[in-house]
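We count residues from 1, following the sequence as given. FYI, side chains are in, hydrogens and waters are out, and symmetry mates aren't considered; it's all heavy atoms of this structure.
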Amino acid sequence: MAAWLDTADEETAADLFTSAFGLYPARHLGLAAEAQVVVPATTSWWPAPAVQVPVALRERGGRAPRGRASAIADRSGQKQALIAQAAALHERRVLAAAELLSAAADLGAVRLSAPAIHLLLELMAQALGAGDPLLGNAVALVVDLHLRCELLSKPRHVLTLRSAVGDFTAQDIEISIIRLEDTDG
C-alpha cells in the first residue's frame with residue numbers, strides 16, 4: 001500500500017487512503033473560530049489556524065454541564081403579584097367605563113379622571129382605526145366593559161374634553177358612548 005501511495009498522484013492517493021482506512025474529512029464540531037478569520041472548508045487542518053476547544057469537550061467529548069440540575073424557581077409570588085396587578089387594572093378600567101357612561105350625555109361639561117380620558121382616547125383611536133366618521137362606520141366595542149364608542153362627523157362642531165391630565169379638543173367630530181346590553185339571556 002505504501003508503494004501505491006508513493007506512486008499515485010495527490011487525488012488518487014487521497015482516495016486510496018480514504019478507502020483503506022475509512023478516514024473522511026473533518027466534520028464541523030460547532031466551534032466558532034475568530035470572526036475576522038475566514039477559513040474555507042477545503043483548507044487542511046495542518047496550516048489552518050487553531051480553534052480553542054473547551055475543556056469539557058476535549059476531555060469528555062460533550063459540552064453538557066456535569067452535576068445536578070438546579071431546582072425550579074418558585075415564581076408563585078410573582079404570579080400572584082401579576083394577577084393582582086391585572087385585577088387592579090381591570091377595576092380601574094371598569095370605573096373609567098362607568099364614569100364615561102355617566103358623562104356620555106355631555107362629555108364637554110364634565111372633568112374626566114385620568115383613567116377615563118385614557119380609556120376614551122383608546123376608544124377613539126380604535127374607532128378611527130376601524131372606520132371613517134364621514135362614512136358613519138367609526139365604531140369601537142369593548143365587550144368586557146360593555147362599551148360602544150362611535151365617532152360621527154359633525155361639521156363646525158368643537159368638543160373640548162377636560163381631564164385631570166389636560167384638555168383634548170376634537171373638531172368636526174361628535175362622540176357617542178353607550179352601554180352595550182348583555183346578550184346572555
- [ ] Step by step, work out the side chain to side chain contact (heavy atoms under 4.5 Å, CB included) result for Leu147 and Leu180.
- [x] CA-CA 5 Å; Leu147 278 182; Leu180 288 176; 5.9 Å; no

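- Sparse packing is recorded around CD of Gln171, with 12 or fewer heavy atoms of other residues, nucleotides or ligands lying under 6.0 Å away.
- In the hydrophobic clustering of ILVMFWY residues, with side-chain heavy atoms under 4.5 Å counting as a link, Val158 and Ile173 come out apart.
- Leu16 CG to Leu5 CG: the interatomic distance, rounded to the nearest 0.5 Å, is 5.0 Å.
- Residues Leu120 and Ile175 are in side-chain contact: their nearest non-hydrogen atoms beyond the backbone lie under 4.5 Å apart.
- Clustering ILVMFWY residues whenever any of their side-chain heavy atoms sit less than 4.5 angstrom apart, transitively, puts Leu82 in a cluster other than the one holding Leu89.
- Side-chain contact between Asp144 and His90 is present, with heavy atoms from C-beta onward closer than 4.5 Å.
- A continuous path of Ile, Leu, Val, Met, Phe, Trp and Tyr side chains, each step under 4.5 Å between heavy atoms, connects Val94 with Leu123, placing both in one hydrophobic cluster.
- Rounding to the nearest 0.5 Å gives a distance of 11.0 Å between NE2 of His118 and CG of Leu112.
- If you take CZ on Arg162 and CZ on Arg111, they are separated by 8.5 Å, rounding to the nearest 0.5 Å.
- The shortest distance between side-chain heavy atoms of Leu145 and Leu100 does not fall below 4.5 Å.
- Here the straight-line distance linking atom SG of Cys149 with atom CG of Leu128 works out to 8.5 Å at 0.5 Å rounding.
- Cluster membership for Val110 and Ile117, using ILVMFWY side-chain heavy atoms within less than 4.5 angstrom, is shared.
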Please tabulate, for side-chain N and O atoms in residues 133-140, each donor-acceptor pair with protein atoms closer than 3.5 Å (sequence neighbours left out).
unit_1, atom_1, unit_2, atom_2, d
Asn137, OD1, Asp132, N, 2.7

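- Under the 4.5 Å side-chain criterion, counting only non-hydrogen atoms from C-beta, Glu174 is not in contact with Leu159.
- Side-chain contact between Glu99 and Leu95 is absent, with no heavy atoms from C-beta onward closer than 4.5 Å.
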Open item on the list: Show, in sequence, the C-alpha distance, side-chain angles and deciding distance for Val142 and Gln126, and conclude whether the side chain to side chain contact (heavy atoms under 4.5 Å, CB included) test is met.
Closed with: CA-CA 10 Å; Val142 183; Gln126 288 176 4; 4.3 Å; yes

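- The list of salt bridge (Lys or Arg N to Asp or Glu O under 4.0 Å) pairs with a residue in residues 71-94, not counting sequence neighbours, reads Arg93-Glu122.
- Ala13 and Ala8 get closest at one heavy-atom pair: N-CB, 3.9 Å.
- Leu152 and Ile177 sit in two unconnected hydrophobic clusters of ILVMFWY residues. Membership requires side-chain heavy atoms under 4.5 Å apart, directly or through other members.
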